[in-house]
Participant: 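One structure follows; several queries about it will come next.
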Amino acid sequence: MEVSGVGSERVLDLMKAVNGTQYITGFGAKNYLAHELFENAGIDVKYMNYDALPWPQHTPEFTPYVSALDLVANVAPENRKAHLNPKTNDWRSVI
């Protein structure tokens, strides 16, 4: 893809290049993402809801904000989906 720009404009151009209609991101983006640019382009911005259900780990307490590889390493493939929360929040509810 030949996409130029920086910051929010670059992400928006990437979305347009693939005809994207929804951009799902982490909470860190709330501090820099120009949400209105996406809205004006007809692209919905959603934030991940990180409410993961605990799974067995090799530590005494569950640590939810580790890499997804932790879930892959510690939970059988047929049981992984049960530990994920596929919900997102609209950007207005996060900011």
Side-chain angles (χ1 to χ4, degrees):
M1 283 185 268
E2 292 186 32
V3 177
S4 59
V6 295
S8 293
E9 290 86 9
R10 183 173 179 84
V11 175
L12 179 59
D13 288 346
L14 286 166
M15 292 295 300
K16 288 178 179 179
V18 297
N19 296 316
T21 59
Q22 187 176 81
Y23 178 59
I24 300 175
T25 187
F27 288 112
K30 71 180 183 175
N31 298 318
Y32 66 82
L33 194 68
H35 299 87
E36 292 81 11
L37 285 177
F38 287 78
E39 186 173 275
N40 292 339
I43 298 173
D44 222 8
V45 176
K46 302 278 187 181
Y47 282 85
M48 291 295 304
N49 182 333
Y50 290 105
D51 282 340
L53 301 172
W55 59 80
Q57 294 177 325
H58 296 287
T59 57
E61 292 184 29
F62 177 66
T63 305
Y65 303 111
V66 294
S67 166
L69 292 176
D70 185 72
L71 178 65
V72 171
N74 289 302
V75 178
E78 63 274 11
N79 297 329
R80 291 176 189 151
K81 193 172 184 177
H83 295 281
L84 300 176
N85 181 359
K87 295 180 184 175
T88 57
N89 299 322
D90 183 75
W91 69 270
R92 286 179 185 80
S93 69
V94 174
I95 296 183

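Since the model is a prediction, treat every value here as computed from it, not as a measurement.
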Participant: Taking all non-hydrogen atoms of both residues into account, name the closest pair between N74 and P56 and its distance.
Facilitator: CB-O, 3.1 Å
Participant: For M15 and I43, work out which heavy atoms get closest and say how close.
Facilitator: CB-CD1, 3.6 Å
Participant: Where do L33 and W91 land on the side chain to side chain contact (heavy atoms under 4.5 Å, CB included) test, with the steps shown first?
Facilitator: CA-CA 10 Å; L33 194 68; W91 69 270; over 6 Å; no
Participant: Ignoring hydrogens, what is the shortest heavy-atom contact between A41 and K16? Give both atom names and the distance.
Facilitator: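 Closest pair (atom of A41, atom of K16, distance): CB-CE, 3.9 Å.
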Participant: Of all the heavy-atom pairs spanning I24 and M48, show the shortest one and how long it is.
Facilitator: CG2-SD, 3.3 Å
Participant: Does some side-chain heavy atom of D44 sit less than 4.5 Å from a side-chain heavy atom of Y23?
Facilitator: no
Participant: Between V3 and R10, which heavy-atom pair has the shortest distance, and what is it?
Facilitator: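 Minimum heavy-atom separation between V3 and R10: O-NH1, 2.9 Å.
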Participant: Atom CG in N89, atom CD1 in I95: separation rounded to 0.5 Å?
Facilitator: 12.0 Å
Participant: I'd like to know whether L71 forms a side chain to side chain contact (heavy atoms under 4.5 Å, CB included) with L84, so could you lay out the CA-CA distance, the side-chain angles of the two residues, the decisive distance to 0.1 Å, and finally the verdict.
Facilitator: CA-CA 9 Å; L71 178 65; L84 300 176; 3.6 Å; yes
Participant: If we count only N and O atoms by modelled type, under 3.5 Å, do the side chains of N79 and W55 hold a donor and an acceptor together?
Facilitator: no
Participant: Do the non-hydrogen side-chain atoms of V18 and M1 ever get within less than 4.5 Å of each other?
Facilitator: yes
Participant: Of all heavy-atom pairs between H83 and P54, which one has the smallest distance, and what is that distance?
Facilitator: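 That closest heavy-atom pairing would be ND1-O, 2.8 Å.
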Participant: Shared ILVMFWY cluster between L14 and Y47, side chains joined below 4.5 angstrom?
Facilitator: no
Participant: Going through the distances and angles, do K46 and D90 end up as a side chain to side chain contact (heavy atoms under 4.5 Å, CB included)?
Facilitator: CA-CA 5 Å; K46 302 278 187 181; D90 183 75; 4.2 Å; yes
